[in-house]
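Inspection log for the structure reproduced underneath, given as structure tokens.
The figures here come from the full heavy-atom set of this structure, side chains too, leaving out hydrogens, waters and symmetry mates.
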Amino acid sequence: MDFLFVISSFLLATTTCFFHFADAAQFAITNNCPYTVWAAAAPGGGERLERGQSWVIDVAPGTAGARIWARTGCNFDASERGSCQTGDCGGVLRCQAYGSPPNTLAEYALNQFNNMDFFDISLVDGFNVPMDFSPTSNGCTRGIKCTADINGECPGELRAPGGCNNPCTVFKTDEFCCNSGNCGPTEYSRFFKVRCPDAYSYPKDDQTSTFTCPGGTNYKVVFCP
């Protein structure tokens with residue numbers, strides 16, 4: 001039998017077993033805002049949360065490209081179809097896709113390099129509600145917050161109903177959208193960074209904005225902490 005085939009089969013089996021036996025990560029999502037929010041998660045769906053209410057989701061190990069956010073100003077009918085002023089995800093209550101800007105994002109990828117979780121708060125899609133994104137287990141204690149009055153202080157050209165937009169959505173240029181991958185800080189990214197130093201302020205803002213915990217950690221996301 002081919003040696004490389006044996007090794008490849010062993011690695012595949014090991015990886016499969018790891019993800020089979022690894023615990024799902026639990027995310028406790030709480031609304032502390034003095035108004036209703038419609039929490040959204042991809043993967044996970046969506047849930048209406050009145051002030052003080054929580055929603056818990058379990059996310060499979062190995063999940064990447066995931067995010068949690070708040071939707072505001074929503075109206076849904078009996079079939080769970082409608083729209084939101086901020087964060088709308090295709091007009092449905094149970095999100096299957098990402099939300100529309102402006103929305104404050106809790107982003108994460110589980111069990112990645114060296115079995116570490118990577119997580120961040122991103123303002124690359126703008127801002128709608130203050131947020132706390134923090135680990136709650138596994139001895140990991142470094143959380144992230146973005147609690148500034150960004151909506152109240154938002155530059156006029158970025159103002160949007162219910163939030164503060166990102167410059168890419170407004171101006172649609174490579175300087176702000178970073179489609180070429182060569183973008184840098186701008187006056188608008190600095191506006192966000194000064195107010196929320198730990199959050200992503202533009203697409204290449206990795207060095208000061210990505211945090212890690214060991215795989216298997218649980219987390220909380222709090223709107224208006």
Take C178 and C168 through the test disulfide (SG to SG under 2.5 Å) and record every step on the way to the result.
CA-CA 8 Å; C178 201; C168 175; over 6 Å; no
Closest approach of [X] to [Y] (non-hydrogen atoms, all atoms of both residues):
X    : Y    : value
S209 : A199 : OG-O, 3.4 Å
Y200 : T210 : OH-OG1, 2.9 Å
T186 : S189 : N-OG, 2.8 Å
P102 : C164 : CB-O, 3.4 Å
T217 : P214 : OG1-O, 2.6 Å
Q53  : E50  : OE1-N, 2.8 Å

Tell me whether the count of non-hydrogen atoms from other residues, nucleotides or ligands lying under 6.0 Å of CD in E80 goes above 12.
yes
Do N218 and T136 get their side chains close enough for a donor-acceptor pair, meaning under 3.5 Å?
no
Consider only side-chain N and O atoms of D77 and S79, and report whether a donor and an acceptor are under 3.5 Å apart.
yes
Between [Y] and [X], is there a side-chain heavy-atom distance shorter than 4.5 Å?
X    : Y    : value
C89  : R71  : yes
K145 : D198 : no
N32  : P225 : no
L158 : F171 : yes
P43  : T63  : yes

For a ring-ring contact (aromatic ring centres under 6.0 Å, His included) check, start with the C-alpha distance between Y219 and F119, then their side-chain angles and the critical distance, and finish with the verdict.
CA-CA 10 Å; Y219 298 88; F119 66 103; 5.4 Å; yes
Pairing of [X] and [Y] as salt bridge, 4.0 angstrom limit:
X    : Y    : value
D125 : R67  : yes
D205 : K193 : yes
E157 : R159 : no

What distance do [X] atom [atom1] and [Y] atom [atom2] have between them, rounded to the nearest 0.5 Å?
X    : Y    : atom1 : atom2 : answer
S122 : I144 : OG    : CD1   : 10.5 Å
N166 : L123 : CG    : CG    : 10.0 Å
T104 : N151 : OG1   : CG    : 7.5 Å
C95  : W38  : SG    : CH2   : 12.5 Å
D117 : F211 : CG    : CZ    : 14.5 Å
R195 : R190 : CZ    : CZ    : 12.5 Å

Tell me whether [Y] is reachable from [X] by hopping between hydrophobic residues (I, L, V, M, F, W, Y) whose side-chain heavy atoms are closer than 4.5 Å.
X    : Y    : result
I121 : M116 : no
W55  : I68  : yes
V59  : Y98  : no
Y188 : V170 : yes
F127 : W69  : no

Set out, in order, the CA-CA distance, both residues' side-chain angles and the distance that settles side-chain contact (heavy atoms from CB on, under 4.5 Å) for F223 and M131, then state yes or no.
CA-CA 5 Å; F223 305 130; M131 178 183 286; 3.8 Å; yes
Short question: side chain of N111, backbone of P61 - any donor-acceptor pair under 3.5 Å?
no
Donor-acceptor pair, distance only, cut-off 3.5 Å: does the side chain of N179 make one with the backbone of D174?
no
Applying salt bridge (charged side-chain N to carboxylate O under 4.0 Å, His left out), name anything that partners E175, two or more places apart in sequence or on another chain.
none
Does NZ or CZ of R51 come closer than 6.0 Å to the centre of the six-membered ring of Y35, within 45° of the ring's axis?
no
Could you walk me through whether N75 and S83 pass the side-chain contact (heavy atoms from CB on, under 4.5 Å) test, one step at a time?
CA-CA 6 Å; N75 285 289; S83 63; 5.5 Å; no
Would you mind telling me which of D88, T36, T86 makes a side chain to side chain donor-acceptor pair (under 3.5 Å) with T72?
T86
Please lay out, stage by stage, how F133 and K220 fare under the test side-chain contact (heavy atoms from CB on, under 4.5 Å).
CA-CA 6 Å; F133 186 13; K220 67 176 180 180; over 6 Å; no
Passes side-chain contact (heavy atoms from CB on, under 4.5 Å), E47 versus R94? Steps please.
CA-CA 7 Å; E47 190 79 14; R94 317 287 176 184; 2.9 Å; yes
Please lay out, stage by stage, how Y202 and F192 fare under the test ring-ring contact (aromatic ring centres under 6.0 Å, His included).
CA-CA 9 Å; Y202 72 99; F192 290 112; over 10 Å; no
Do the cysteine sulfurs of C224 and C33 sit under 2.5 angstrom from one another?
yes
Partner residues of N103 under the side chain to side chain donor-acceptor pair (under 3.5 Å) criterion, sequence neighbours left out:
none
